[in-house]
Amino acid sequence: CAVKIPGSVIQRNMKWNGSRGCVTRKTRFGSRERDWLKGDTQRGCVCLYGGTVDPQPSAPGSQASSMPQTDLQLVLCSTSTTVEELCAQRDGKGLYVQLHGDLVRRLEPSERPLQMVYDYLTAMGYAEPVRVQQEAANSDLSCLIRFYSEPPVNADQQERTLLTGVFNVRKGKTQLHKWAERQVILCGTCLIVASVKDSLTGKMHILPLVGGKVEEVKRRQHCLMFSSAGSQAQAYFVSFDTLADYQRWHRQASKVVSQTVSLVDLSCYSLEAVPEYLFYSQDITHLNLRHNFMRLKEPGGLLNLPRFSQLKSLNLSHNHLGVFPECVCEILTLTELNLSCNNLHTVPVQICNLQSLQTLSLDGNHLSSLPEELGGLAQLNSLGLSFNNFSHIPAVLERLSAVDKLAMAGNRVETLELCTLARMSHLKTIDLRLNGLRQVKSESLEAVSQVTQLDLRDNCLDSLDLSAICNLEALYCQRNQLGTLTLSGFTLRMLHASSNRLTTVNIYPVPNQLTHMELSQNLLEYLPDWVCDCRKIEMLDVTHNQLSELPLRLLTNLSLRKLLAGNNHLQRVPDLLDHVPLEVLDLQHNKLAELPESLFYKALNLKYLNLSANALESIPPSSQSEESLSTLQELYLTGNNLNENCGALLVGHQNLRVLHIAYNQLLSFPASKLTKLELLEELNLSGNKLKTIPSTVSSCKRLHTLIAHSNHITVFPEILNLPEIKLVDLSCNELTEIQLPDSLPATLQELDLTGNSSLILEPKTLNLFSHITTLKLDQKSTTTAADSTSASTPWAHGYSEMSGQRNKLCVSVLAVDQFGDGVEACYGIFDGDRNEEVPRLLQCTMGDVLCEELQHSSIDNVYMCNTFLTSHRKLGMAGQKLGASALLCYIHHEPSDPGGYFSLTVANVGTCQAVLCRNSQPVPLSKVYSLENCTEEMERVKCCKAIITEDNKVSGVTCCSRLLGCSYLSPWVLPKPWVHTEPLCPQDEFLILGNRALFERVSYQEAVCTVQAVRDPRAAAKKLCSLAQSYGCKDNIGAVVVSLHIGEDSCTCEPPVTTTEPRGPPPTPLPVSVTPGPTEPATLSSSSGIASEFNSETSASEVGSEAGSTASDEHPSSGPASRPERRCSLHPATTLCGIMRQPSSATFSSNQSDNGLDSDDEAPLEGVISNGSKLEVEVDIHCCAFQLRSGVPASPKDLSHEKRGSDYPNGKMHRQNSVVVSATNGCLLAVCGREIADLKKSPSTSSLFGKKLSNGSVVAPEDSHNLIEVALEAPKKKSGYFTAPAQQDPEDQLIVPPCLEQEVREQLRGQTLLVSGPSMGRHEEKTAFTSPEMSWLDFMFNIPIQSM
C-alpha cells in the first residue's frame, strides 16, 4: 500500500524465525520496506515485540525451542508518527519502550517512537541523517532500545511482587478446623486468605509474616505452615498442588519472615502503581519504589500511598515524576523521603506538613530555591541538595537547626562567604565539591567555630584562606589550582590537597592532631618546618613534587608509619640514628645513589620498600650481625645499577614475599642465598644479564610468579616442580631446550617462552603442557616468497599484558601490521577494568567494523566515530551493564594522496592512551575521558543530572564519561570517541599504546626513553609493563609498541635479491593454537589448553609441513626458495598474494570439531599432532580475500601469474579429514578435519557467541605478530554476557548449492574462471585460481585430479 501523508502507518506481520536474538535484516526487509526508506530520511521502521518475548534476547546457540514463538510486527512510519496513530492502525492499547534491556516504560499517546530512536542515535554520536536512518533500521539496536506492543511478562518479577492461587487451607494448629479451598495471596508483608473460594469480595484474613515463621509440614506433601510473630500468633496451613508452587511460595515467604522491619522492596520493577493487595499490609513501615514509573492517578498510584497508616520511609527516586507529588505530604508518619533524580523544579509549601520528617533527599533535580515553609521542619537533620541548580546556599537553612550536614555538591555556587556559614551555627559538615567555586570570602573577623569538615574538591580555587574556621578537622581540596593554602591547626586531623600548584602550606599553630596529609602532585621544593613537629602524623604523601631533601626530624618522627616521597629530586636519605616505626617507605624515581647503612636495622617495622628508578649500586645490610630481625615483605629495586653482590645482602630479609630486581646489572644470582628466601611468592629478575637461574629456586615452595624475560638464560630453571607456581615468563631469552619433570603442577596457568629463537619443543613436551591455560611460544620456521608483502611494511609491533592482583586479565590487544588493500596497519587496546568480556568482544570485532566503515567514508572523523558507535552496538547484551575503555590507531595514506606520506588516525574513549615519539619527544595523540581530567566532560555529565560519588564515579560505577558498553549509564556515559589525525614524518620513531594503569605509573617521557633503549618492540612492551608493576601498579597492564620506519619519501623498497638463500629462523612468529585432545580434561578454567606460535615468515605449505614435522617427525621440503624483491606501496610489484583486509582476530577451537564429531573420531591429518592435539588457526573468510595454496611451495614462475584472491563470504564448502592451508599476506589458514561450512561466521562474530580466550588476549593472526594466545575450549557458560545477538547478514552469503556443482566443475576444468568477491576494501577485486587452488577445489567437490 502506498503511503502519501506523514503519520500514516504501514504494518507488516512476520514470524519470528530462528533464535531468540534479534531478527536478521533479511527477514525484516523486503522491497516495499526498502522503497519506503529511500524516499525520505525522516522515514523509518519500528519493530514491535510481543509481550511474551523475553526482554533479554540471547545469542544463537541457545535453546530456541524452549522459547515460545511469537509474531513480530514491522511498522513503517515517519518521525512524526505518534503512538496514538500507531495504536489506531493496529488496534492496540499502547506501546512500551525498553532501554538497554532494563526497565519498560509505557509511552504517552503523543510520543513519537521513530523520533525517539533518532534522538537516541544522535545523542550517541551519529551525525549524518542517512546513517541515522540506517542504524535505526538495524535489528541489533534492540539491545539498546526496543518497543513492545504490550508489557513483557517477567515471571521472576511477578513472583517477587505478588503470589496468588487457590489452594487447600486450614486455619490454626489444632484439628478443629477443616481443610477448604480458598484464594491465597502473598503480597508485601502479609499472607491474605479469602473467606470464600474464588472470591475476593468477602472477608479477608490477614496474617502478618514479619518476624514470624514459615515451616514445612512433613505429614502432608507440599504443605507449608505460615505463622505470625508474638504471643498471640496465628497460623495457616496451605497445601500446594505442585512442587514448583511449594518451592516458589516457600522461597518468597522465607524472605519476608527473615526481615527485622516491615520493608517492601519493589524497586526496578517498571511499576506504574503498587499492587492493590499491598494495601492489606498495613504494618508496612518502609516502602522502596526506586527506579519505577509511578503515576499519580492509577489504581495503586501515588495518590493512594497515604493509605499506609504506619509508613515511615518512602523512596521514590528515579521515577521521572517531573513534579513534586504533593500527595506524599499527606503521609504524616514519614520520617524519611527520597525524591532524588525526578526532574523536579520546585518544592511545594505543603512540605511543612511532614513534621516528623528527619531525612529529605532531593539530589539530582533542577531545584534553584527552597520554600520558606521548609524551615518549619524542626526534626529535619539531613537535607540532600547535591546536583541541582543552586547558585547560593539557601537562606532557609539558617532555620533548620537540626541539619548538621550541607550536601550541595554539583551545584553552581561560585562564591562561598564564610559569614554565611557563621550564621548557620548548626552545620558541621559541608560538601561543596564540583561547584565551579572560584573564591572563599572571609571579610569579617568572625570565627566559624562549628564547621569540622569541608569538602572543596574539583573547583576553580587559586588561593584558600580558612584560618577563620578554627575547629576544622578535615579538609579536602584536591584538583583545584591552589597556589597558597592557609589553615588553622588547632584541631586539624586530615589534609588532602593533591593535584594543585602549592609551593608551601601555612598552618598555625602546629597541627598536633594531624594524622594524614596528602600533598602529592604539587610544586613543593621543601617541606615546611611544622611538618616535622607534628606529633601524631601517621601518613605523609609528598610524591610528584620537587623536593631535594627529607629532613632528618621527619624520618625520626615516632608516629610516622607511611612515607611516600617518590618522583622527587632526592639525592640522599639522612642516616637514621634511632629506631623508627616506619612500615611503608616509597622513594622511587629519585636520584639516590646510596642508602643509609642503618636503614634496615633501625627501621625494623618496615614491610614495604620501593626504591625503583634510582641510581643505587648497592643496598645496605639487613642487620649488623648474622641474625636479622627484618620484617620486610615487599622490596622493589627495579631500574637501578645493582650487581650480583646485592644477592648476598638480600638473604637477611627472610620474610620477603615480593622481590622485584629487574633491569639492573645482575650477571648471576647467588644460588646459596636464594635458599634462604623460603617465603618468596613473586620474583622478577627481568632485564638483567643472567645466563641461568639457580636451581635452588626450587626451595622457594611458595613461589607462584617468576618473571625473568629479557635476559640471556639458556637453561630452563627447575621451577615446574614448585607446588604453587602459576606464572612463568622466560620470554626474550636464549633457551634451547626444556627439561621437564614427569608431571606438571596443576596450578600452572601461564608459560611464556616467546622470543627464544633457538627453542624447539618436541610433541611430547607439547603434550605435557596441554593442561596449561596459556602457553606462548615461537616455532622455528622459514622465510619464503609468500612473505614478501610482510617485509614491505614500514612498521613492526610488540605487545605485553600482565594481570594484576585479581589474577584476571581484563586487557586485550588488537594488532594488524597489514590492514586493508594497501600498506596500512591497525592497532588497538581495550581495558575493561574489572570485566574481561567486553575487551575480548571489542578485540574480535573492531577491526572488521573499521574495514566496513572505510567502505562508506574516507573522512577520518566519520569512519572512526562510526566504528566506535557500531562496535558499541555490536556488544549486544554484554554492553548493557559492562563497558571498556578503547583506543584504535589506523595507519594509512591520505585518500587525496595515495602515494604520499602516511597518516595516523587515533580514536579513543575512556582512559586508554596513545603517545607518538617524534624527535625523541612524546606527542600525546589521545584524550583521557575521565571526570577528573576533563572539565568539559564533567560539566556535560553534571548537566545531565548524573550523581557523581565522592570517588568521582558516575553513579558510583566508572570514572569515565565515555566508554564502549555500559549503555545503561546513557546519556551520562557515551560511546562517541575523540578522533585525531597526525601526519607521520621521518622523525617519528615509534608509537606507544597503553591503558590507564600503565600511564598512571609511567610518564610519557619515561615511556619514550624506555622504548628508545630497547630495539625490539616486544621486549620494549614487556619492559613498560614490568616497570609499571615495580612502581606499585596492582591492576591489569597492557602496552603495545609499534616501531616506525617512515622514509623521506615513505618508500620502503629494497634492491631485488636474485640469489637463493637457505631458509632460516624469522624474527617474528605467526600464531597457531595447540588444542589438547578430548581425553585431556580442563582442570583450571573453562578454557583449557595451550597456545603456541609459528613464525610468519613462511608460506602456507611450509607451515603445513613444519607442523607435520613437529607433530610426527616428518621433515619439510629442504629445497631452496627464492627471496622476492621487497617493494613498497609507492612502487608496487606484481601482487603475489593480495588481501583486501586482514581479520581482526582468530577464532577458537574446542575439544570437538565443528562438524559434531569428536576429535578422536577423525582420521589422522597432515598438520595434526599425533598425540591428539591439533594445530589450528582460522581467519575471517567472510571479510578477507585469501589465496588457497597446497602442496609444495609455488615456484617464482607460478607466483608471477597469481592475482588477488577472492572471498568466499559465508560460503559452504564441505570437506572432511583434510587440511587446507592458505597464505593471506602472511596469514596462515589451517582448517583441520572440519566442515568449512562452519567457517561462515567471521572470527569477530564467532567470538560474540561464547568463544573465549584463556587469558583474555587475542590479536589478529598476521605475519608481524609477536604473539597470539588462542583459547582451546569454548566457555561452559551458555548465556549471559556472551549471548550477544548475531551480526551476520544473510544477504552476504555465497553458497554453492548441489545443483550447481556440475557447472562449477566445468568452469574449473577450463582454469580460466574469474570469481568476483564482495568489495572488502575500497575497490572491487577479482581472483584467478591457479593449479594449486584448482587441486584444492577439485578435492572439495570430490573430483579426481586426473579428470581435470
Side-chain angles (χ1 to χ4, degrees), residues 638-639 662-665 684-691 707-714 729-736 752-759 776-781 783 787 790-791 793-802 813 815-818 825 827 829 891 915-917 920 988-994 998 1002 1006-1030 1037-1046 1052 1064-1071 1093-1097 1226 1257 1259 1262-1269:
T638 296
Y663 296 98
N664 281 279
Q665 306 296 324
N684 192 330
L685 297 170
S686 305
N688 285 286
K689 301 177 182 179
L690 300 176
K691 294 185 178 180
I707 304 176
H709 62 77
S710 307
N711 280 286
H712 305 294
I713 299 174
T714 57
D729 186 352
L730 292 172
S731 58
C732 302
N733 277 287
E734 300 172 7
L735 293 174
T736 57
D752 191 347
L753 300 175
T754 56
N756 292 277
S757 57
S758 301
L759 179 63
K776 309 175 187 177
L777 58 91
D778 300 332
Q779 188 69 24
K780 183 177 179 181
S781 185
T783 304
D787 305 302
S790 169
T793 55
W795 43 72
H797 81 272
Y799 80 99
S800 178
E801 301 161 330
M802 292 186 177
V813 167
V816 185
D817 284 340
Q818 291 177 299
Y827 304 98
I829 187 169
I891 304 177
V915 181
L916 179 67
C917 175
S920 301
D988 296 329
E989 302 175 40
F990 50 83
L991 175 68
I992 304 175
L993 281 62
L998 176 67
V1002 182
E1006 183 179 5
V1008 165
C1009 295
T1010 297
V1011 176
Q1012 280 183 321
V1014 182
R1015 291 295 180 182
D1016 181 22
R1018 173 169 50 194
K1022 282 188 168 293
K1023 183 174 181 179
L1024 287 174
C1025 292
S1026 291
L1027 291 180
Q1029 278 194 333
S1030 294
I1037 310 171
V1040 182
V1041 176
V1042 183
S1043 61
L1044 303 173
H1045 308 286
I1046 309 299
T1052 59
T1068 54
L1070 177 78
E1093 297 179 3
F1094 272 76
N1095 196 280
S1096 61
E1097 302 285 340
S1257 175
V1259 282
E1262 42 83 30
D1263 58 343
S1264 296
H1265 266 210
N1266 291 319
L1267 186 62
I1268 184 170
E1269 303 154 5

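Note that the structure is a prediction, hence the values are computed from the model and not measured.
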Within the side chain of Thr736, is there an N or O that forms a donor-acceptor pair under 3.5 Å with the backbone of Ser758?
no
Look only at the side chain of Asn711 and the backbone of Asn733, and say whether a donor-acceptor pair between them is shorter than 3.5 Å.
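Side chain of Asn711 to backbone of Asn733: no pair is present.
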For [X] against [Y], the heavy-atom pair lying closest together:
| X | Y | answer |
| --- | --- | --- |
| Thr638 | Ser1030 | OG1-OG, 2.7 Å |
| Asn688 | Ala662 | ND2-CA, 3.9 Å |
| Asn664 | Gly639 | ND2-N, 4.0 Å |
| Val813 | Val1040 | CG1-CG2, 3.6 Å |
| Ala1039 | Ala1021 | O-CB, 3.8 Å |
| Ala815 | His797 | CB-NE2, 3.3 Å |

Under the side-chain contact (heavy atoms from CB on, under 4.5 Å) test, which residues partner [X], sequence neighbours left out?
| X | result |
| --- | --- |
| Thr714 | Glu734 |
| Glu989 | Cys917, Ser920, Gln1012 |
| Thr1010 | Glu1006, Lys1023, Leu1024, Leu1027 |
| Lys691 | His712 |

Rounded to the nearest 0.5 Å, what separation is found between the [atom1] atom of [X] and the [atom2] atom of [Y]?
| X | Y | atom1 | atom2 | value |
| --- | --- | --- | --- | --- |
| Tyr799 | Ile829 | OH | CD1 | 11.0 Å |
| Ile713 | Cys732 | CD1 | SG | 11.0 Å |
| Met802 | Ser1026 | CE | OG | 3.5 Å |
| Leu690 | Ser710 | CG | OG | 11.0 Å |

Answer yes or no: is there a side-chain heavy-atom contact under 4.5 Å between Phe990 and Val1008?
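In short, these two side chains touch, coming nearer than 4.5 Å.
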Taking only residues two or more places apart in sequence or in another chain, which ones pass side-chain hydrogen bond (donor to acceptor under 3.5 Å, both in side chains) with Ser686?
Asn684, His709
Side chain to side chain contact (heavy atoms under 4.5 Å, CB included) partner of Leu730, chosen from Thr754, Leu759, Leu753
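By the side chain to side chain contact (heavy atoms under 4.5 Å, CB included) criterion, Leu730 pairs with just one of Thr754, Leu759, Leu753: Leu753.
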Derivation of the side chain to side chain contact (heavy atoms under 4.5 Å, CB included) call for Leu1044 and Ile891:
CA-CA 10 Å; Leu1044 303 173; Ile891 304 177; 4.1 Å; yes
Using salt bridge (charged side-chain N to carboxylate O under 4.0 Å, His left out) as the criterion, list what pairs up with Lys1022, not counting sequence neighbours.
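Checked Lys1022 against salt bridge (charged side-chain N to carboxylate O under 4.0 Å, His left out); matches are Asp729, Asp752.
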